[in-house]
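Contents: one structure, followed by commentary.
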2 protein chains.
Amino acid sequence: MHTYTTSRIALPSRSSQPALPEAFEPALLQPLSFFPAGAEIYAQGEKAGPFYQVEFGAVRIYRLLADGRRQISAFHLAGETFGFEADSTHHFFAEAINATGIRVFRFATGADISRQLLPLALKGLTRAQEHLLVLGRQNAIERVAAFLLDMAERQGGLQPIELPMSRMDIGDYLGLTIETVSRVFSRLKDKGVIRLSSLRSVEIVKHDALQDMSE
Amino acid sequence: MHTYTTSRIALPSRSSQPALPEAFEPALLQPLSFFPAGAEIYAQGEKAGPFYQVEFGAVRIYRLLADGRRQISAFHLAGETFGFEADSTHHFFAEAINATGIRVFRFATGADISRQLLPLALKGLTRAQEHLLVLGRQNAIERVAAFLLDMAERQGGLQPIELPMSRMDIGDYLGLTIETVSRVFSRLKDKGVIRLSSLRSVEIVKHDALQDMSE
DNA sequence: CGCGACCTTGATTACACTCAATGCGCGTGG
DNA sequence: CCACGCGCATTGAGTGTAATCAAGGTCGCG
């Protein structure tokens, strides 16, 4: 991992998320850290403390079972914030999916940042609970449809949608195998609902059809 | 729904959760509200604002798909708090499972309660993300085992465990059908892992076996 | 005591998983 | 610039777990 000490750089971000605070007060000076593909940002069991904002690239948050089964609970794209925990320990792993730039915010002991963190925590809670519905009650097509629509929305509806993650990541996020994800992509392509300009680049042709499928 | 205006009553709660604040400051006077079994506490789409603490009884938080499929994202037992939202709208339904007493906290506009709410929101976030692993990557036996261990822990390890909810509620929480839940209970009973003193009262005989199954 | 809601059990089906082989795309090195 | 190799993705065949459909059984309450 290589750490820049610049305090501000041009943002390659194409995120259209509602603007997040560019800095948190009272935050200590935040270096920009660079993580190559696959690099660990933090591990389950590690001490938590700072939190993190994606400048460019993408991050996966996940948990493992003893036998290696993996559940990705969230992806974080440019502009999004993660890493806050209920107690002082990380309950999940965080890894860079691709080359990723991350701003790390640390706080003076005693600083009260709850006012800034609460909306982010509540947003994450709502997202997680909505994802429970997908995993608990939707079939493979519905899951993939919901995922594509979510990615589209988080990229501001810009076409095509860029998927920074592999089919395996998508499977581990949706509770499906890589093969099932692939088959659903193929079916959606055959039906003319989506078009794949490349493996990681999806164009939604029939938005309404996808919406219907997602419920 | 019937509302008492007593500001303090004896608590039938048997929860051994870490003590939650008995009152939030600066909260307005909180009446105790009584909800009979099945009563709606709030609905998806309703305006949010106050939040809620279970005094006795149990609550289910859920979401519906258009065709009626239901996912329960959380149960809340005595002592637990729920109802806070990312924006001013409820994204879920909340219903009393049984006869339930709930304290409703409302706040003066402008009051900053983020310091008190943040730990609760973060706890909920961790719980939801852990449940994602169960729904995404565990089979029926593992799901039921994890559920029973969770209920046991939240009741302080007291035996037997009281299940305030129906098999259907359990199924909708675990992403299973009522039949599958029933079959798994039967299998666990036949194996001598649990004992059912009644339908809603479970004794964990082989705690270790259950723990092994839950992962 | 009888009814109705809830639960259990059985038989069959279906959807996604597993195992296996092939295909594609990209980076590297000749 | 092309060929090779490797990682990732697709496609196919067969299997298995949980869903569905259906029939009883049990519990609790009026």
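The sequence lines fix the lettering, A, B, ..., with proteins before strands; numbering per chain opens at 1. Just so it is clear, the structure is predicted and the values come from calculations on it, not from any experiment.
If you measure from atom CE of B/Met168 to atom P of D/dA19, you get 11 Å, rounded to the nearest angstrom. Rounded to whole Å, atom P of C/dT8 lies 8 Å from atom CD1 of B/Ile178. Atom CE of B/Met165 and atom P of C/dC6 are 15 Å apart (whole Å). In this structure, A/Leu176 places its CG atom 14 Å from P of D/dT10, rounding to the nearest Å. Note: CZ (B/Arg137) to C1' (C/dA16) measures 11 Å, nearest angstrom. C/dC15 atom P lies 18 Å from atom CG of A/Leu174, rounded to whole Å. Between the CG atom of A/Leu196 and the C1' atom of C/dG25 there is a distance of 14 Å, rounded to whole Å. Going from atom NZ of B/Lys189 over to atom C1' of C/dT9 covers 11 Å, rounded to whole Å.
Within the 6.0 Å centre-distance limit, the rings of A/Tyr173 and A/Phe75 are counted as a close aromatic pair. For B/Tyr52 and B/His76, the gap between ring centers reaches or exceeds 6.0 Å.
Checking D/dA9, C/dC7, D/dT11 against the side-chain heavy atoms of A/Glu179 singles out D/dT11 as nearest. Considering only the side chain of B/Leu199, C/dC7 comes nearest among D/dT10, C/dC7, D/dC8.
Under the 3.5 Å distance criterion, with hydrogens and angles disregarded, a donor-acceptor pair is assigned to the side chains of A/His91 and A/Glu85.
At the phosphate of C/dA16, neither OP1 nor OP2 sits under 4.0 Å from any side-chain N or O atom of A/Arg143. Not one side-chain nitrogen or oxygen of A/Thr177 sits closer than 4.0 Å to the OP1 or OP2 atom of C/dA16. Taking 4.0 angstrom as the limit, B/Ser182 places a side-chain polar atom (N or O) nearer than this to OP1 or OP2 of C/dT8. Checking the phosphate oxygens (OP1, OP2) of C/dT9, a side-chain nitrogen or oxygen of B/Ser186 falls inside 4.0 Å.
Listed by first and then second residue, the side-chain hydrogen bond (donor to acceptor under 3.5 Å, both in side chains) pairs involving residues 140-152 of chain B are A/Arg69-B/Glu142, B/Arg127-B/Asp150, B/Asp150-B/Arg154 (not counting sequence neighbours).
For A/Arg167 and D/dT11, a side-chain-to-base donor-acceptor distance below 3.5 Å is absent, hydrogens and geometry of angles not being considered. Between the base of D/dT20 and the side chain of B/Arg183 there is a donor-acceptor pair shorter than 3.5 Å.
Cation-pi geometry between B/Arg63 and B/Phe92 is met: the NZ or CZ atom falls under 6.0 Å from the ring centre, inside 45° of the normal.
Among the protein residues, B/Arg200 comes within range of the sugar-phosphate backbone only, with heavy atoms under 4.0 Å from sugar or phosphate atoms but none that close to a base. Heavy atoms of A/Gly175 sit under 4.0 angstrom from primed sugar atoms or phosphate atoms, though from no base atom.
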